[in-house]
Amino acid sequence: MADMARELGFSRRTAYRWLRNGKGPRTFISPGGHKRIRRTDFIEWVKDRQLDERNGE
């Protein structure tokens, strides 16, 4: 989560809020019980957001 926030230039708090509100990339729970995001899901989510912004959404 911290990596995602850092890459996008947002705080961890913002990243967690996106995920809690269902507006972030798809997540999974690791064997240790931690919420994780696959890199491929993150990249796809960023691309989708950029397309939405270009379309005015």
Side-chain angles (χ1 to χ4, degrees):
M1 300 300 215
D3 293 340
M4 180 182 94
R6 188 172 29 254
E7 254 184 80
L8 294 174
F10 292 98
S11 70
R12 280 178 61 185
R13 184 180 216 162
T14 298
Y16 278 105
R17 187 175 60 241
W18 286 339
L19 295 174
R20 191 174 52 248
N21 294 334
K23 296 183 180 189
R26 187 169 43 156
T27 62
F28 68 97
I29 304 298
S30 71
H34 301 279
K35 192 176 274 195
R36 301 283 186 223
I37 301 168
R38 287 184 178 83
R39 184 81 183 153
T40 54
D41 291 336
F42 172 71
I43 292 168
E44 186 175 322
W45 177 78
V46 169
K47 286 179 184 177
D48 289 345
R49 286 189 74 229
Q50 290 171 344
L51 286 174
D52 288 347
E53 288 173 5
R54 280 187 254 152
N55 291 331
E57 295 178 17

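For this chain, numbers begin at 1 and follow the sequence in order. Computed from heavy atoms alone, side chains included, the values below leave out hydrogens, waters and symmetry copies.
Qualifying salt bridge (charged side-chain N to carboxylate O under 4.0 Å, His left out) partners for Arg39, counting only residues two or more places apart in sequence or in other chains: Glu7. With sequence neighbours left out, the side chain to side chain donor-acceptor pair (under 3.5 Å) criterion links Arg6 to Asp3. Remark: Thr40 engages Arg38 in a side chain to side chain contact (heavy atoms under 4.5 Å, CB included) (not counting sequence neighbours). In this structure Arg26 satisfies the side chain to side chain donor-acceptor pair (under 3.5 Å) test together with Asp41, sequence neighbours excluded. The side chain to side chain contact (heavy atoms under 4.5 Å, CB included) search around Ser11 returns Arg13, Thr14, not counting sequence neighbours.
Residue pairs meeting the ring pair (Phe, Tyr, Trp, His ring centres under 6.0 Å) criterion with at least one partner in residues 22-45, sequence neighbours excluded, are Trp18-Trp45.
Of all non-hydrogen atoms in Ile29 and Lys35, the two that sit nearest each other are CD1-CA, 4.0 Å.
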